[in-house]
Amino acid sequence: MHSFESHIRNVPDFPKAGIIFKDVSPLLQERFGEVIEAMSKTINWEEIDYVVGIESRGFILGAAMATLKGKGFIPVRKKGKLPPPVISESYALEYGTDTLEMLINRQPGRVVLVDDVLATGGTLKAVMNLCGRNNFEVKAMALLINLTFLNKFTEEGHPVHSVLNY
Ligand code: AMP
C-alpha cells in the first residue's frame, strides 16, 4: 500500500491530555499530490457538484481535490468567520458546544465532505445536518484518516472514503 503512515506524527496529549493527535503536516509536505489522488480515487465524481471543506485542514485537502476533479469548493467555517447570511449548526463536544457555519444556499447540489481526521464523528454529523438543512445532498465523505474505533460511521452505512484506517 502507501507508505503514508511513516510520515504521520503521533503527538500524545495534544491539544489536551489523553488525545493522541495525528499530525499530517509532514505527510502533506512530502507526498501532497499522492495524498490528494488517494483521497479522490474511490469517489464517484459524476454524482458530485461541489467539494465541502471543513475548517481548517479540510480546506487544504478539499481545495486540492476540487481542483483535481474540476469541481467548485464550499467552506464550512467556525462560528463568526463567514459574513451573513449564514446557516449554523451546533454540536456537543466533551465539554460544551461548538458551532459550524456555511453560507445560505438555495440551489440544490450534491456534495462530498472533506476533512483530515474522522474521530468521534461529531464534526461530520454536524456538517451533514448543515448540508441537509441547506439544499445540499451529501453523496460521500472523504477523510485522510478514519479512527474507526471512535465512531460507527461505516457500520451505520455512511459512504465513508478513508485512505488510512486505525
Ligand atoms: P470528531 O468531531 O471527533 O470526529 O473530530 C474531528 C475533528 O477534530 C477533525 O476536524 C480533526 O481534524 C480533529 N481531530 C479529532 N481527533 C483528532 C486526532 N486524534 N488527531 C488529529 N485531529 C483530530
Side-chain angles (χ1 to χ4, degrees), residues 1-32 34-36 38-40 42-43 48 50-66 73-82 86-103 111-134 136 138-166:
M1 263 262 293
H2 320 284
S3 51
F4 288 166
E5 279 97 340
S6 61
H7 297 289
I8 293 171
R9 274 194 330 138
N10 294 301
V11 186
D13 298 321
F14 181 86
K16 56 186 179 185
I19 299 209
I20 299 174
F21 188 83
K22 296 262 177 212
D23 181 16
V24 300
S25 304
L27 174 60
L28 302 188
Q29 182 174 335
E30 297 302 329
R31 311 281 292 274
F32 190 57
E34 288 168 79
V35 167
I36 296 307
M39 286 186 71
S40 305
T42 55
I43 293 162
I48 304 292
Y50 307 109
V51 174
V52 171
I54 302 167
E55 187 167 359
S56 59
R57 287 178 294 271
F59 291 175
I60 300 166
L61 300 167
M65 290 168 70
F73 180 83
I74 299 168
V76 167
R77 301 214 60 182
K78 311 239 168 89
K79 186 182 170 65
K81 302 284 187 183
L82 286 171
V86 298
I87 183 166
S88 306
E89 180 83 20
S90 294
Y91 61 105
L93 298 173
E94 200 177 350
Y95 304 109
T97 63
D98 219 340
T99 302
L100 292 171
E101 295 182 334
M102 76 198 305
L103 284 187
V111 298
V112 54
L113 311 183
V114 177
D115 204 354
D116 63 336
V117 176
L118 168 56
T120 65
T123 305
L124 267 193
K125 256 186 191 141
V127 177
M128 283 166 70
N129 292 344
L130 209 47
C131 287
R133 294 168 51 212
N134 202 25
F136 290 122
V138 178
K139 286 289 190 183
M141 303 182 248
L143 295 312
L144 179 48
I145 296 171
N146 184 357
L147 304 177
T148 59
F149 58 94
L150 290 177
N151 69 79
K152 293 193 160 57
F153 267 49
T154 310
E155 290 161 53
E156 289 168 357
H158 292 291
V160 177
H161 300 260
S162 48
V163 178
L164 300 170
N165 299 291
Y166 294 89

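Whatever order the structure lists ligands and atoms in, that order sets their numbers, starting from 1. Residues take their numbers from the sequence shown, with the count starting at 1.
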Is there a nitrogen or oxygen of [X] sitting under 3.5 Å from a nitrogen or oxygen of ligand 1?
X	result
Glu55	no
Gly121	yes
Leu118	no
Arg57	yes

Can you give me the closest heavy-atom contact between [X] and [Y], atom names plus distance?
X	Y	result
Met39	Val114	CE-CG1, 4.0 Å
Lys139	Ile48	CB-CD1, 3.6 Å
Arg31	Ser3	NH1-OG, 3.0 Å

Going by the side-chain contact (heavy atoms from CB on, under 4.5 Å) test, name the single residue among Val160, Leu147, Leu113 that passes it with Leu118.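 Per the side-chain contact (heavy atoms from CB on, under 4.5 Å) rule, the option paired with Leu118 is Val160, out of Val160, Leu147, Leu113.
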If we ignore hydrogens and angles and just use 3.5 Å, is the side chain of Ser162 paired with the main-chain N or O of Leu144 as donor and acceptor?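 Not confirmed, Ser162 side chain does not pair with Leu144 backbone.
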Can you tell me if Asn10 uses its side chain to pair, donor with acceptor, with the backbone of Lys22 under 3.5 Å?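 Such a contact is absent between Asn10 side chain and Lys22 backbone.
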According to the interplanar angle, ranging from 0 to 90°, do the rings of Phe14 and Phe21 count as parallel (below 30°), tilted (30 to 60°) or perpendicular (above 60°)?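 Ring orientation, 0 to 90° scale: perpendicular.
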For residues Ser25 and Asp23, is any side-chain donor paired with an opposing acceptor at under 3.5 Å?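 Asp23 and Ser25 do have a side-chain donor-acceptor pair below 3.5 Å.
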Considering only the protein, which heavy-atom contact is closest to [atom], and what is its distance?
atom	answer
atom 20 (N) of ligand 1	Lys22 N, 2.9 Å
atom 3 (O) of ligand 1	Thr120 OG1, 2.5 Å
atom 10 (O) of ligand 1	Asp115 OD2, 2.7 Å
atom 16 (N) of ligand 1	Ala119 CB, 3.5 Å
atom 17 (C) of ligand 1	Val117 CG1, 3.9 Å
atom 22 (N) of ligand 1	Phe21 CE1, 3.5 Å

Interfacing atoms of ligand 1 (cut-off 4.0 Å, heavy-atom, Leu147):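 Those of ligand 1 that fall under 4.0 Å from Leu147 are 19 (N).
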At a non-hydrogen distance cut-off of under 4.0 Å, which region of Asp116 contacts ligand 1 (side chain, backbone, both, or neither)?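 The part of Asp116 near ligand 1 is the side chain, not the backbone.
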Tyr95 six-ring face occupied by Lys16 cation (under 6.0 Å, within 45°):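 Pair Lys16/Tyr95 does not count as cation-pi.
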Please compare Ile20, Thr123, Asp98 and report which has the shortest non-hydrogen distance to atom 7 (C) of ligand 1.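 Checking each option, the heavy atom nearest atom 7 (C) of ligand 1 is found in Thr123.
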